[in-house]
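The chain is numbered in sequence order, starting from 1. Hydrogens, waters and symmetry mates are skipped; everything else that's a heavy atom, side chains included, is used.
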Amino acid sequence: MRWLPSFRRPGTPIGERPPPWRQRAFRSLRVPNYRTFFTGHAVSVTGTWMQRVAQDWLVLELSDSAFAVGIATALQALPTLFLGVWGGVLVDRLDRRRTIMWTQAVSAVLATVLATLTLTGTVELWMVFALALGLGLVTVLDVPARQAFITEMVGPEDYVNAQSLNSTIHNLGRLLGPAMAGLLIALAGSGMAFAVNAASFIGVLASLWRIDASLLHRAKPVPRRPGQARESLRYVWDRPDLRACMLLVAVVALFGQNFRVVLPLFARDVLDGGAATYGWLTSAMGAGAVIGALAIAGRERISSWSLLLWASAFSLVSMLLAGAPGLLAALALLVGLGITNISFNTLARVLLQLSVDASMQGRVIALHATVFLGSTPIGAPLLGWVCEEFGARAGLLLSGLAPAVAAVALLPTLRRLRRRAGSAARPTPVVDPAERATPT
């Protein structure tokens with residue numbers, strides 16, 4: 001695969017009508033191991049979103065500063081920025097299932113500590129910062145391991161579907177978790193939300209324990225040798241398609257996706273609301289993300305051209321949200337923002353997974369995580385400063401303008417690569433075997 005070709009699910013001849021959407025959208029759940037993992041992940045992800053909302057609100061209460069919220073978010077992403085590539089190297093060497101079990105167990109311990117500190121009234125801002133940094137260190141291994149583990153549970157023809165279903169359940173958690181967190185914070189304080197999250201890790205740990213390891217499609221571990229981190233950087237740099245994809249992801253992540261910084265301010269200063277309002281805003285975006293993820297899960301074809309279109313749509317909705325006149329308009333636009341955001345993110349991850357050799361998968365996914373999450377230490381404080389100086393609306397406007405500029409800048413490259421792909425395809429009507437072997 002290169003930057004332009006689209007992908008069709010194997011077994012669907014050209015010209016033949018694809019199966020009904022319902023069969024396409026949930027096909028990965030027929031795989032027992034994936035179904036087990038999916039169930040445990042569904043239990044845990046709601047608690048994770050409760051903690052995110054509660055942590056943001058706790059920092060705002062302790063500091064009364066959007067910049068401090070940005071710092072907390074940045075500290076959680078900082079380890080990925082500096083260590084993400086080496087995390088990918090380890091993921092390519094280690095047993096991915098066991099790695100995820102360890103990272104989830106440590107995350108549960110960190111959530112328990114934060115819950116105890118908050119419920120006992122001894123929590124201070126520096127403690128929240130330290131625990132956010134600790135969770136960020138766990139993320140260095142957890143994110144690439146979880147993303148790469150999907151390729152061990154399902155075959156290549158179901159990569160897109162499995163990733164989309166993961167995004168669906170992740171955003172169902174975004175839909176339910178923030179709303180539950182807002183109510184729980186109002187009734188019992190942030191500490192209870194942290195306690196619920198700590199308990200929720202039992203579900204994902206139990207599902208990982210129950211997975212039948214003999215049915216996994218394990219890639220051969222990459223042997224230890226010098227220069228493996230640099231090798232992944234050269235691999236991506238030498239591929240114009242991967243380079244362009246990473247650049248677009250970087251700009252969207254740096255400027256467009258720091259919702260945890262801008263939405264608390266938008267809820268409080270623009271909409272005159274509190275924690276519950278912030279929870280509803282995040283839930284609305286989660287509802288849109290669920291819709292977008294299910295739509296992507298049912299697709300039979302994907303292309304990198306659609307990645308550019310979704311980035312442009314994301315930019316437009318962000319700029320419209322900056323001018324939202326009230327709560328109802330903001331909620332409606334956040335549903336749209338959720339649809340465009342998850343569609344862009346899912347397509348970017350899948351295009352990268354389909355484009356790389358199995359031996360490079362963990363490292364390229366880690367590079368994506370470095371770009372996607374590692375940009376937060378720069379973007380979150382920057383956006384927090386913009387919100388403090390010019391208001392939350394200005395922050396949202398910047399979130400939309402920057403990806404739009406990147407999309408326009410990449411348009412000539414995209415057209416040039418598309419022409420090359422079209423010229424290479426003209427001599428024969430036969431579908432390229434590599435394209436035939438990859439799913440949509």
Side-chain angles (χ1 to χ4, degrees), residues 52-53 55-61 63-78 132 174 178 182 248-275 277-286 288-289 311-342 344-345 371-407:
R52 289 181 180 180
V53 170
Q55 179 180 298
D56 296 341
W57 200 257
L58 177 63
V59 170
L60 200 57
E61 286 181 330
S63 66
D64 193 31
S65 168
F67 185 71
V69 176
I71 291 296
T73 306
L75 285 171
Q76 199 162 322
L78 199 63
R174 178 188 282 182
L248 193 56
V249 169
V251 174
V252 172
L254 181 65
F255 296 102
Q257 296 188 149
N258 285 295
F259 308 117
R260 294 172 62 186
V261 176
V262 68
L263 287 184
L265 271 294
F266 192 79
R268 188 187 69 178
D269 299 341
V270 176
L271 301 177
D272 297 321
T277 303
Y278 174 39
W280 284 114
L281 293 177
T282 309
S283 294
M285 191 165 63
S312 302
F314 173 83
S315 299
L316 177 61
V317 178
S318 294
M319 289 186 281
L320 290 174
L321 180 61
L327 179 59
L328 290 179
L331 290 173
L333 287 166
L334 278 163
V335 170
L337 194 66
I339 292 172
T340 57
N341 181 48
I342 199 63
F344 172 81
N345 289 336
V371 170
F372 185 74
L373 299 175
S375 61
T376 303
I378 303 170
L382 174 62
L383 196 62
W385 176 80
V386 170
C387 289
E388 282 196 345
E389 293 295 320
F390 307 104
R393 292 188 188 276
L396 284 169
L397 186 62
L398 176 62
S399 297
L401 281 174
V405 171

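- Nearest heavy-atom pair across Leu337 and Thr340 is O-OG1, 3.0 Å.
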Task: Full working for side-chain contact (heavy atoms from CB on, under 4.5 Å) between Tyr278 and Asp56 - done: CA-CA 10 Å; Tyr278 174 39; Asp56 296 341; 2.8 Å; yes
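- The two residues Val251 and Ala402 come nearest to each other via the heavy atoms CG1-O, 3.5 Å.
- Of the possible donor and acceptor atoms, none in the side chain of Ser63 sits under 3.5 Å from a partner among the backbone N and O of Ala68.
- To the nearest 0.5 angstrom, Arg393 atom CZ is 16.0 Å from Leu398 atom CG.
- Using a 4.5 Å heavy-atom threshold, the side chains of Leu263 and Met285 count as touching.
- Arg268 is linked by a side chain to side chain contact (heavy atoms under 4.5 Å, CB included) to Leu60, Asp64, Leu265, counting only residues two or more places apart in sequence or in another chain.
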Open item on the list: Would Leu271 and Leu281 count as a side-chain contact (heavy atoms from CB on, under 4.5 Å) here? Give the steps.
Closed with: CA-CA 10 Å; Leu271 301 177; Leu281 293 177; 3.9 Å; yes
For residues 315-335, which side-chain N or O atoms pair as donor and acceptor with protein atoms under 3.5 Å away, sequence neighbours left out?
unit_1 : atom_1 : unit_2 : atom_2 : d
Ser315 : OG     : Ala311 : O      : 3.1
Ser315 : OG     : Gly400 : O      : 3.3
Ser315 : OG     : Ala404 : N      : 3.1
Ser318 : OG     : Phe314 : O      : 3.0

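- One distance of note links CG of Leu382 with CG of Leu254; it measures 7.0 Å at 0.5 Å rounding.
- Scanning both residues, Ala392 and Val270, for their nearest heavy atoms gives CB-CG2, 4.1 Å.
- Here Glu388 contributes atom CD and Leu383 contributes atom CG; the two are 11.0 Å apart, rounded to the nearest 0.5 Å.
- The CZ atom of Phe266 lies 13.0 Å from the CZ atom of Phe259; values are rounded to the nearest 0.5 Å.
- Rounding to the nearest 0.5 angstrom, the gap separating the CG atom in Leu396 from the SG atom in Cys387 is 7.0 Å.
- The distance from atom OG of Ser312 to atom CZ of Phe344, rounded to the nearest 0.5 Å, is 9.5 Å.
- Between Ile342 and Ala289 the shortest heavy-atom distance is CG2-O, 3.2 Å.
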